[in-house]
Each structure stands twice: as C-alpha cells, then as structure tokens.
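Let me begin by presenting the structure, written as structure tokens, before commenting on it.
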Amino acid sequence: MGASQPAPADTTTPAARVVTRFAPSPTGFLHIGGARTALFNLLFARHHGGEFRLRIEDTDRARSTDAAIAAILDGMTWLGLDWDGEVVYQFARAARHAEVAHQLLAAGHAYRCYATPAELEALREAQRAAKQPMRYDGRWRDRTDWPNDQPYVIRLKAPREGQVTIEDRVQGPVTVANAELDDMVLLRSDGTPTYMLAVVVDDHDMGVTHVIRGDDHLNNAFRQLALIRAMGWQEPVYAHIPLIHGSDGAKLSKRHGALGVDAYRDEMGLLPEAVENYLLRLGWGHGDDEIISRAQATEWFDLAGVGRGPARFDMKKLESVNGHYLRSSDDARLVTLIAPRLAAALGRALGAADQDILQRSMAELKKRASNLNDLASGALFYLRSRPIPMDDAAAKLLASAGPDLVLAARDALAAAGDWTAAALEAEARRLAEARQWKLGQVAQPLRAAVTGAAQSPGLFDVLATLGREESLGRIDDALGTMTREGATA
RNA sequence: GGUCCCUUCGUCUAGCGGUCUAGGACGUCGCCCUUUCACGGCGAAAACACGGGUUCGAUUCCCGUAGGGAUCACCA
C-alpha cells in the first residue's frame, strides 16, 4: 500500500477550498453508518467544488487487517464514493505524529507522564468507588524529577480553566468546561501515536477544512481542539451527524443491519444507487423529495438539512427504494446482475438463448421484484428444463382444474395461428366463452403448468416468450402427471 | 454515575411564531385496474413526549420533567 506523505499545510490562512475526509479504521467491513458518513462528506465536498479524501486509520496494528482495507475500498467503489487523491494510511505517518508530540513537549504544551498502567487503573478504581468522574489527575503535569530508564507517555497539557465552545454545523453550539477534560495521551510509552494525536495531525496535514463524522466523536472534538490550539493550527469546521440506530432504537448492531455494504449487494441484492438514495434520506431531507439522483444530491446537499436526532434503519423502506431503482433500471444491466444467481440456482452457466429470454422478459419481471434475489427467483422458471418443478399452490391449481380442462386449453392454444401473446389470449378467451368459464379458470391452471407457480408475469406474454414448443411441452408434462396420478388414485 | 446531545404519524421526514382542520414517503388497511402476482391509480387510519413560561398567538423561542442516545483507555 503506497502511503502518501502530504506536506504540512499552511498553518495560518484558512483554506479557501473545502476539503473533507472519510477516515475509517480497517477493523471490519465498511458498514452502513460509515457509508453514510462517507456519502455526506463526498456530497458536501462536491457541492462546494472541493476535495473528498480517504484516510485509513490503521494505527491499531493488532486489529487492522488488509482484508478489511480491501473491503472498505471495495464498498466505497461499489457505492461510487469516489475519493480524490491517494489513500492516506495513518500508520505510515507515525514518525510525523511523534514529531508533533515532541514539538509540543519542547514548547511546554505537553509533558512526560511516568504513571504506570497499574497506577492509572488504581486511580480509576478509586474514582469509580468515590463516584467521581474518571479522569487522569495530572500528577505528572508539573514534575520534572523524571526517573531514568523508565517508560513514559507524552500527555497534552490541556487548559484547566474556562470552557470551550464548538460551533457545530449540525448540533449547534456545544460548550464543555475544560475542567471536564483531562490531559490525554499523545504518544504511548512505546513511542506510537494515539488516535487523538494522529487524527489531528493528519487532518491538518491533509488540509481538511470540514470534519464531518458520527456524533460519537463529538466529545473527542473538544480534546482535539485543545491539541489544535496548542499547535496554533487552523481549526476545522465540525459537523457531527447522529448515528444510525436499529429498528428498536438501540445502536445499530449486527442484528439489525450493521452489515458490510457487500452484504447489501451480495446477500440482499440491492442496487448501489438505491442504497445511496436511502442513506441520503436517512437523517437528511430536502422538502418532500424522496428519489434523488447523485447530481441532484450534489446540488442540494447541505449540513443545515441534516437532522439532529438519530434515525432508525428501516429495511422495508430501503427495499422500496430499491424496487424503484430496479424498475427504472436498464434491462440488460439487470440480466447481467442476476445471471450469477441464476447460474448458481440452475447449476449451469447461462447461454445466449437464456440471456435472450431474460432480456425479453425483464420489463415484466422487474415490476415484480424489489431486489435482485427476488428478481432472479422470479425469472428462474423461464430457464428451467422440462419437466419443471411445481410448487404446492401450482399443483393444487392443476388438481382442482382437472385434466379435461387443461387438455381443452392446451388444444385451444395449439390451434392459434400465430404464437403471439395477442393470438393466444384470443384463443383462450374464445374457449372460456364457449364453455361459460371465466378467463381465470383457464389461465390459472395453464400458468401453473407453464411456470410451476400460481403467480407470474402475464400468462400470454410468458407463453409467447417461451415459444410454442416449450410451452406445449410443459403443458403436456403437467397433463402427463395429472392423468398418471388420476389413474393411481 | 459525570459530561454532552437528541425528542413531529409504527419508521424516514416537511415545518424554521400566525399559511397546521400539521404535508410527503415507507409500512398498514380499503377500493380501482386485472387471467394470478406485481406495477400503476384513488382513498383511509396514523404524530407535534409531558409540564411550565415568553408572546396578541406556539409544532416552531426559553426552562424544567420524562424518555432515548453518545462518551468517559497508553482502542479507534
């Protein structure tokens, strides 16, 4: 992975150009909440003609994996969350982070702390017992009697008096007393940077002007600001967006849909533009608009429209949005998308004839599905080889119709001059009228015989698409089964 | 527990002091279309958490209460 080393940006003048960033840690896949955060960052940057950067926060060596990095990049690509420039890998910048920590130390804005982990744990335990807030007490803040050969961490000497207010673009002004914040660790005893240090340094060096992230980071912003001010750097604009919750109102977990976006693609069969549209509307609104294209979103997106309360994830609505995009999607694209699913179900690769049938029936099929799985299973009957399997409802339909009716219907169809939907329907209607049947009485058993199910696209379209030979063959198969069973019964 | 944040139909949201008999979407229910299932069309039920203020007037502003959430590491 080629890590880039951006040059430190100008520290005094505010950047005229908007730069946003998405900074996931590669400890898992790109989940749905992260995807939304990335989308908001992208849209905001594009709206302002700025840059959208991607930074992988892989400083936690134990938990970061290459597989996770690949999954995140893959997910972002699938959703069209195209970032600008090189991906920045945080771990590769550790030396720069340490440099800043030592700069702070030299300037007196940070200090060495020799408190041991056990000592700190004891402190926390005492605070917990006394029901005091758990904070580092600053015991090494002003000491200079440093023991030799002892490991130490570098802590920020944060202001203890006064308060800090962040003018958050989503949450509004948020104020916290400095007494609430303790002196955070910047550099660990092994010399590696902490997340707090790394984020601030990287955001600065990358020229990030707007930090748009989940509001689980709102508290962190105050500590990061202290660091930024200690360095005398330009403060970014903050926008903390509410997290996405599960249908039960609790934080989104694996139970509810905090799956990788690859699951939405592969397992649920959703279209990327549908996921994007749904995510956009989750926590953001633009009047009564529901279906919003990327171009439109880029034009309309603003931070002011982001809601301040957490939104619940609703799979039903996502499916509905997906159904919309499915219906307006190009038929050839859909054929390509369901081909692997069909091949797996059929146990064979699809041929040109299969593709042709799918292409011709797609316009009708896609109206009956809200995801690619349903679209594929709805298309399967077209490609099955005789005799096709019959589901319970179809079998019941045929049984109650009886062989005489089916045979009469078969003969009526066979008599059609042209094997077209219109001609076939005319024959069926003529038969029904002659026998005083409703059209459904003829159509339903035929549907069962030809599709193996009680529901399908319009019967006469199906017959026309399947062709004369295949259609009559399937009806004969059903007839054969019926008479055989009738004989044994 | 400390700190911080949030609160309009079941859900996502519109609303930014009078336009609200609170609008749209998903879901639910009913009707229409119809050979089935869908799609599509029409319609219905469904919300301003509660209590105080401010104001001539609060869904909109302020304060409490309740409920929900986030965060308190040498993790990110």
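The aromatic rings of A/Tyr114 and A/Tyr152 are tilted relative to each other, their planes meeting at an angle between 30° and 60°.
Comparing the P positions of B/C37 and B/C29 gives a spacing of 14 Å, expressed to the nearest Å. When the C1' atom is used for both B/U71 and B/U8, the distance is 28 Å, rounded to whole Å. Rounded to a whole angstrom, the distance from the P atom of B/A38 to that of B/C31 is 14 Å. Separating the P atom of B/G2 from that of B/G10 is a span of 32 Å, rounded to the nearest Å. With P as the reference atom, B/A46 and B/C63 are 33 Å apart, rounded to whole Å. B/U19 and B/A58 have their P atoms separated by 12 Å, given to the nearest Å. Here the separation of B/A45 from B/U7, taken at their C1' atoms, is 24 Å to the nearest Å. Rounded to whole Å, the separation between the P atoms of B/C39 and B/U21 comes to 35 Å.
Comparing A/Gly305 and A/Lys367 along RNA chain B, the residue whose closest nucleotide (by nearest heavy atom) sits nearer the 5' end is A/Gly305. Of the two residues near RNA chain B, A/Pro151 and A/Gly440, the one whose nearest nucleotide lies more 5' is A/Gly440.
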Using nucleotides 40-50 of chain B, report all nitrogen or oxygen pairs with the protein that are shorter than 3.5 Å.
residue : atom : partner  : partner atom : Å
B/G40   : OP1  : A/Arg327 : NH1          : 3.3

Close N/O contacts between protein and nucleotides 68-70 of chain B (under 3.5 Å):
none

What does the list of N/O pairs under 3.5 Å between the protein and nucleotides 20-24 of chain B look like, with a distance for each?
residue : atom : partner  : partner atom : Å
B/G23   : N2   : A/Asp288 : OD1          : 2.9
B/G24   : N2   : A/Arg281 : NH2          : 3.3
B/G24   : N2   : A/Glu290 : OE2          : 2.8

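Look at CE on A/Met134: it is 6 Å from P on B/A73, rounded to the nearest Å. Rounded to a whole Å, the CD atom of A/Glu319 is 20 Å from the P atom of B/U11. Rounded to whole angstrom, the span from the CD atom of A/Gln163 across to the P atom of B/C4 amounts to 10 Å. In this structure, CH2 of A/Trp284 is placed 18 Å from P of B/A25, rounded to the nearest angstrom. Residue A/Asn220 contributes atom CG, which lies 11 Å from atom P of B/A73 at whole-angstrom precision. Note: CG (A/Leu413) to C1' (B/U35) measures 12 Å, nearest angstrom. Per the geometry, CZ belonging to A/Arg139 stands 12 Å off P belonging to B/C74, to the nearest Å. Atom OH in A/Tyr136 sits roughly 21 Å away from atom C1' in B/U3 (whole-Å rounding).
Within 3.5 Å, no donor on the side chain of A/Ser456 pairs with an acceptor on the base of B/C37, nor the reverse.
Ion pair A/Lys316/A/Glu319 not flagged as a salt bridge, since none of the NZ, NE, NH1 or NH2 atoms sits closer than 4.0 Å to an Asp/Glu carboxylate oxygen. The residues A/Arg55 and A/Asp203 are annotated as salt-bridged, a charged nitrogen and a carboxylate oxygen being separated by less than 4.0 angstrom. A salt bridge is absent between A/Arg429 and A/Glu433; no separation between the charged side-chain nitrogens and carboxylate oxygens falls under 4.0 Å. Residues A/Asp202 and A/Arg21 are not paired through a salt bridge, judged by the lack of any N-O separation under 4.0 Å between the basic side chain and the carboxylate. Between A/Glu273 and A/Arg294 there is no salt bridge, since no side-chain N of the basic residue sits under 4.0 Å from a carboxylate O of the acidic one.
You'll find that the side chain of A/Leu439 is closest to B/U35, out of B/C4, B/G10, B/U35. For A/Lys316, the listed nucleotide lying nearest its side chain is B/G27; candidates were B/G27, B/C74, B/U35.
Figure legend. B/C4 is base-paired to B/G69; pairs are counted as Watson-Crick or G-U wobble with both atom distances under 3.5 Å. Under the Watson-Crick or G-U wobble criterion, with both distances below 3.5 Å, B/A25 is paired with B/U11. Here B/G51 sits opposite B/C63 as a Watson-Crick or G-U wobble pair (both hydrogen-bonding atom distances under 3.5 Å). Remark: B/G40 base-pairs with B/C32; criterion is Watson-Crick or G-U wobble with both hydrogen-bond distances under 3.5 Å.
Across all strands, A/Gly307 comes closer than 4.0 Å to no nucleic acid atom at all (heavy-atom distances). At the heavy-atom level, A/Leu282 lies under 4.0 Å from the strands shown only through sugar-phosphate atoms. Using a 4.0 Å heavy-atom distance criterion, A/Thr175 is classed as a sugar-phosphate-only contact. Heavy atoms of A/Ala115 sit under 4.0 angstrom from at least one base atom. If you check every strand for non-hydrogen atoms under 4.0 Å, A/Phe222 touches nothing. As judged by a 4.0 angstrom heavy-atom cut-off over every strand, A/Val153 is placed among the base-contacting residues. Nucleic acid contact class of A/Pro457 (heavy atoms, under 4.0 Å, all strands): base. When heavy atoms are screened at a 4.0 angstrom cut-off, A/Thr192 is found touching no nucleic acid atom at all. When heavy atoms are screened at a 4.0 angstrom cut-off, A/Met196 is found touching base atoms of the nucleic acid. Residue contacts shown for A/Ala311 are limited to sugar-phosphate atoms, with no base heavy atom under 4.0 Å away.
Note that the NE2 atom of A/His217 and the CG atom of A/Leu243 stand 8.5 Å from one another [nearest 0.5 Å]. Here the CZ atom belonging to A/Phe40 is positioned 6.0 Å from the CG atom belonging to A/Leu280, to the nearest 0.5 angstrom. Atom-to-atom distance recorded for A/Tyr195:OH and A/Ser25:OG is 8.5 Å, nearest 0.5 angstrom. Interatomic distance, CG of A/Leu225 versus CG of A/Asn220, reported as 12.0 Å (0.5 Å rounding). A/Glu427 contributes atom CD, which lies 10.0 Å from atom CH2 of A/Trp419 (distance to the nearest 0.5 angstrom). In this structure, CD in A/Gln296 is found 5.0 Å from CD in A/Glu299, a value given to the nearest 0.5 Å.
Phosphate contact (OP1/OP2 of B/C72, side-chain N/O of A/Arg135, threshold under 4.0 Å): absent. Listed pair A/Ser189 / B/C74 fails the phosphate criterion, with no side-chain N or O lying under 4.0 Å from OP1 or OP2. The side chain of A/Arg312 contributes no N or O atom lying less than 4.0 Å from OP1 or OP2 of B/C6.
Considering A/Asp60, A/Thr65, A/Thr59 as possible partners of A/Arg63, the one that fulfils the side chain to side chain contact (heavy atoms under 4.5 Å, CB included) test is A/Asp60.
The six-membered or imidazole ring of A/Tyr278 lies near that of A/Phe313, with a centre-to-centre distance under 6.0 Å.
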- [ ] Assess whether side chain to side chain contact (heavy atoms under 4.5 Å, CB included) is satisfied between A/Arg474 and A/Phe381, documenting all intermediate values.
- [x] CA-CA 11 Å; A/Arg474 290 187 181 194; A/Phe381 78 88; 3.9 Å; yes
